[in-house]
Every structure is written in structure tokens, then in C-alpha cells.
**Student:** 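Got a structure for you, questions after.
Here is how names work: the chains are called A, B, and so on, in the same order as the sequence lines, proteins then strands, and each is numbered from 1.
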Protein chains: 2
Amino acid sequence: MSTITRDSLSRVGLRLLAAHGLADVSMRRVAKEFDVAVSALYWHVRDKQSLLGAMVDQLLEDLDVAPPTGNRRADLVARAELLYDKLVTTRDAAELTASVLALGTGGSRMREIIAEVSGDTVTTDALMALLIGHATLNQQRMQAQALGLEVDTTTITTFRQALDLLL
Amino acid sequence: MSTITRDSLSRVGLRLLAAHGLADVSMRRVAKEFDVAVSALYWHVRDKQSLLGAMVDQLLEDLDVAPPTGNRRADLVARAELLYDKLVTTRDAAELTASVLALGTGGSRMREIIAEVSGDTVTTDALMALLIGHATLNQQRMQAQALGLEVDTTTITTFRQALDLLL
DNA sequence: ACCTGAACACCGTTCAAGT
DNA sequence: ACCTGAACACCGTTCAAGT
């Protein structure tokens with residue numbers, strides 16, 4: 001395709017993710033996409049985890065976060081829903097992000113987005129947990145939803161209710 | 001070791017999990033533990049996911065849940081903390097349980113434990129999400145904590161605070 | 001600086017064949 | 001009923017060697 005950079009690497013990874021799921025995002029598969037030997041990737045990236053980290057970073061980058069309005073609760077809800085939507089609409093994004101956040105190889109922007117309007121650590125932590133927990137647990141429903149044509153709003157409603165309980 | 005049953009299979013899986021982590025729980029590794037060919041396992045278990053499901057089921061089995069006292073909030077907190085403790089103290093249990101719950105191959109008892117004292121679905125869902133989300137995100141802190149000798153209570157405190165926010 | 005080829009040490013799953 | 005052996009189609013990572 002194009003020349004290999006950390007950026008094009010994660011972009012290709014995200015395309016593979018959307019098209020075939022996390023299981024098909026392998027170093028060998030990515031290398032094939034660049035028409036290059038697997039070992040070539042290791043000059044641009046330390047290991048696979050680092051590539052996955054870069055993918056999550058890029059996923060969070062094309063997220064246009066509205067500036068704070070001053071209404072803390074509304075801002076938190078808006079940003080949580082923005083993030084949740086991203087996790088739900090991108091195939092296997094929940095699992096990917098959970099792994100990346102757990103291992104600390106990327107995705108730091110997610111916490112920042114929430115922390116900016118949250119203020120305290122406890123709420124930020126709780127919201128982060130709720131986000132990735134909810135997105136992870138609803139993976140099957142999301143897969144089914146991805147296959148069907150209609151936009152299923154059940155999972156979003158449920159998340160919204162959990163949010164109301166927390167905030 | 002012993003004769004192969006679905007039960008001894010998951011017990012060995014859990015021992016491997018505790019000793020070497022989820023990455024080392026492979027069909028081949030489990031087979032070696034029984035001194036048997038890998039293919040032999042497939043007579044007792046449909047596939048690996050099913051084995052992982054059985055492992056989570058067994059993990060939740062040796063959890064002695066106190067009967068409801070009638071105080072809903074106290075009961076919810078007690079059960080959530082009991083579950084959280086299990087997820088935190090067993091190596092890679094968070095990741096394992098998340099995967100099993102997401103794919104629906106086991107762990108149904110976890111939801112039941114909470115639902116019994118919760119009553120409404122919204123609270124149950126939120127608590128489940130908070131539990132696995134929090135446990136997953138604190139994986140690194142937990143690993144470090146597992147290596148150190150001192151019992152780190154930070155992660156439990158944080159979870160307790162999130163609980164207070166939710167309930 | 002950037003990439004290839006080959007190797008190492010693994011995976012999960014299937015299936016004919018054995019007892 | 002239960003297990004073996006061999007095969008299939010993969011993995012991530014390393015590393016000497018090439019240009």
C-alpha cells in the first residue's frame with residue numbers, strides 16, 4: 001500500500017479490525033497488507049501490543065470532543081456517550097481498548113477526555129470502568145446488532161440508565 | 001493426573017491460570033498436565049472457549065455467598081465486594097471472566113448473585129459492568145500487587161468508592 | 001536505514017485410525 | 001467409549017544477512 005510508518009501501520013490495523021475483527025489483526029496479516037515480510041514490521045514497532053496501543057490512540061483521535069459547557073453533569077454524560085458510541089460501533093473496539101488500557105500501551109486520551117470535565121478521580125475511575133465494562137459485556141449484542149441492518153438502541157439506553165445511576 | 005472429566009479439566013485449568021497466567025492456559029498445556037494427546041481433550045469439551053467457561057463457573061462455585069439480610073444496599077455492597085475480591089486475587093481472572101461473559105460461555109452465576117439482591121435490571125447491569133470494568137482496568141496494579149508481599153488495598157478502596165457513587 | 005529469509009517455539013482444531 | 005498421531009493452517013518474535 002503506502003510506506004510503512006507507525007501511523008500507516010495503525011491505520012491499516014484499524015481497517016483490518018473493522019473488516020475482519022480483532023482475531024484477524026495479526027502481525028503477519030498486517031505485513032501482507034504492506035506486501036512486506038513480517039519481520040519488517042519490527043523495525044517500526046516494538047511488538048504487537050505497541051501496534052494495538054497505536055490503534056486505540058488513533059481511534060480516539062478522530063473523536064471530536066465538544067468543549068466543556070460548564071454544566072458538569074451534562075458534559076460528563078455527553079463525553080461518556082461519545083466514547084461509548086465509539087466503543088460500540090467499531091467492531092471489537094471494547095476488547096481491544098480494554099486490553100490496551102489494562103496493559104498501559106495506549107489510550108491515555110480516553111481518561112483525559114473524562115477527567116477534563118470530571119474533576120475528581122473517583123468519578124473518572126468509575127466512569128472509565130463503567131464504559132469499558134459495559135461495552136465489553138455487551139459485545140455479543142453488539143455483534144448481532146452489527147450484522148442486522150437496523151440500529152439497535154437497547155444497549156445505548158441501558159448504558160444511559162447506568163450513567164443516570166452513577167452521576 | 002486424574003481421569004479426564006469436564007470437572008477435573010477446569011480444575012487443572014484454574015491451577016494453570018493461578019500458576020502461570022491466562023496465556024499459558026492452552027489446550028496443549030492442559031493436555032500435557034493429563035499426560036494425554038491434545039486431541040483427547042476434544043472428546044470431553046467442545047472447544048477452548050467451553051473450557052474457559054467451565055473454569056469461570058468453577059471459580060464462582062467456591063464462593064460462599066451469604067444469604068440476603070434484607071438490607072438491599074448492604075447486601076449489594078457485600079456481594080459486589082465478594083465478587084470483586086475474587087476477580088482481583090485470582091491471576092487474570094478479570095480478563096478471563098470478561099471474555100467468558102462476553103461470549104456467553106459461562107459465568108451466569110455472577111449475574112444471579114447480584115440479581116438476587118438487586119431486584120431491578122438496571123442496577124444489576126451497572127454493577128456487572130462496574131465489576132468487570134474496574135477489575136480489568138486495574139489489572140496492571142493487581143499484577144504488581146501480586147508480586148509484592150504487602151496487601152495493597154488501594155484498588156479495593158477505589159472500587160468501594162465507585163460503589164458508593166452508584167448505589 | 002530499512003528489509004528479507006529462515007528459523008524457533010508455539011497455537012486451536014480436525015479426523016482417520018486404533019483399542 | 002475414549003484416545004493417538006499426524007496433519008492443517010496459523011501465531012509472535014528474533015536475528016543474521018542483505019541492500
**Student:** Among dT4(D), dC11(D), dC3(C), find the nucleotide with the atom closest to the side chain of Ser39(B).
**Tutor:**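 Between dT4(D), dC11(D), dC3(C), the one nearest the side chain of Ser39(B) would be dT4(D).
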
**Student:** Rounded to the nearest 0.5 Å, how far does CG of Leu83(B) lie from CD1 of Ile113(B)?
**Tutor:**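 Result: 5.0 Å between the selected atoms.
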
**Student:** When the distance from CD of Gln49(A) to P of dG12(D) is rounded to whole Å, what number comes out?
**Tutor:**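 Taking CD of Gln49(A) and P of dG12(D), I get 11 Å after rounding.
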
**Student:** Round to the nearest Å and state the distance from Tyr42(B) atom OH to dG5(D) atom C1'.
**Tutor:**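 That distance rounds to 15 Å.
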
**Student:** Closest approach to the side chain of Met27(B), judged atom by atom: which nucleotide of dG12(C), dT13(D), dT4(D) is it?
**Tutor:**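 It is dG12(C).
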
**Student:** Distance criterion of 3.5 Å, no angle test: do you see the side chain of Ser26(B) paired donor-to-acceptor with the base of dG12(C)?
**Tutor:**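 When only heavy-atom distances are counted, Ser26(B) does not reach the base of dG12(C) through any donor-acceptor pair under 3.5 Å.
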
**Student:** Does dA9(C) have a Watson-Crick or wobble mate here (both distances under 3.5 Å), and if so which one?
**Tutor:**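 No nucleotide pairs with dA9(C).
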
**Student:** Rounded to whole angstroms, how far apart are CG on Leu41(A) and C1' on dC3(C)?
**Tutor:**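 Nearest whole value for this atom pair: 11 Å.
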
**Student:** Quick check for you: among dT13(C), dC3(C), dT4(D), whose closest atom lies nearest to any side-chain atom of Ala40(B)?
**Tutor:**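 Among the listed nucleotides, the one closest to the side chain of Ala40(B) is dT4(D).
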
**Student:** Determine which nucleotide pairs with dT19(D), using a 3.5 Å limit on both distances of a Watson-Crick or G-U wobble pair.
**Tutor:**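 When the pairing criteria are applied, dA1(C) turns out to be the nucleotide that pairs with dT19(D).
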
**Student:** Decide yes or no on side chain to side chain donor-acceptor pair (under 3.5 Å) for Thr123(A) and Ser118(A), but give the supporting numbers first.
**Tutor:** CA-CA 7 Å; Thr123(A) 309; Ser118(A) 149; 4.6 Å; no

**Student:** Is any side-chain nitrogen or oxygen of His44(B) closer than 4.0 Å to OP1 or OP2 of dC3(D)?
**Tutor:**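 True: His44(B) side-chain N/O within range (under 4.0 Å) of dC3(D) OP1/OP2.
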
**Student:** Round to the nearest Å and state the distance from Leu9(A) atom CG to dC3(C) atom P.
**Tutor:**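 Going from Leu9(A) (CG) to dC3(C) (P), I get 10 Å.
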
**Student:** Please report the distance separating the P of dC10(D) from the corresponding atom of dA9(C), rounded so that it comes out in whole Å.
**Tutor:**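 Roughly 22 Å separates the two P atoms.
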
**Student:** Nearest heavy atom decides the nucleotide; on that basis, is Val38(A) or Arg28(A) closer to the 5' end of DNA chain C?
**Tutor:**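 With Val38(A) and Arg28(A) compared, the 5'-side residue is Val38(A).
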
**Student:** Lys32(A) NZ to dC10(D) C1': how many Å, rounded?
**Tutor:**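 After rounding, the gap between these two atoms is 10 Å.
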
**Student:** From Leu163(A) CG over to Leu166(B) CG, what is the distance, rounded to the nearest 0.5 angstrom?
**Tutor:**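 The CG atom of Leu166(B) is 10.5 Å from CG of Leu163(A), to the nearest 0.5 Å.
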
**Student:** Nearest whole angstrom, please: distance from the P of dC10(C) to the CG of Leu16(B).
**Tutor:**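 Value for this atom pair: 14 Å.
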
**Student:** So which nucleotide from dC3(D), dT13(C), dC3(C) ends up closest to the side chain of Ile4(B)?
**Tutor:**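 Nearest nucleotide to the side chain: dC3(D).
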
**Student:** Would you say the side-chain atoms of Arg79(A) pair up with the backbone N or O of Ala66(A), donor to acceptor, closer than 3.5 Å?
**Tutor:**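 Between the backbone of Ala66(A) and the side chain of Arg79(A) there is a qualifying donor-acceptor contact (under 3.5 Å).
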
**Student:** Let's see if you can work this out: which of dC11(C), dC3(C), dC11(D) has an atom nearest to the side-chain heavy atoms of Val36(A)?
**Tutor:**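 Closest nucleotide to the Val36(A) side chain: dC3(C).
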
**Student:** Measure from CG on Asp24(B) to P on dC11(D) and round the result to the nearest Å.
**Tutor:**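 Asp24(B) atom CG is separated from dC11(D) atom P by 20 Å.
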
**Student:** Among dA1(C), dG12(D), dC3(D), which nucleotide has an atom closest to any side-chain atom of Trp43(A)?
**Tutor:**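 The closest nucleotide is dA1(C).
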
**Student:** Contact between Thr105(B) and Leu52(B) at the side-chain level, heavy atoms closer than 4.5 Å - yes or no?
**Tutor:**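 Of all side-chain heavy-atom pairs linking Leu52(B) with Thr105(B), none is under 4.5 Å.
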
**Student:** Would you mind reading off the distance between Phe34(A) atom CZ and dC3(C) atom P, rounded to a whole angstrom?
**Tutor:**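 Taking CZ of Phe34(A) and P of dC3(C), I get 10 Å after rounding.
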
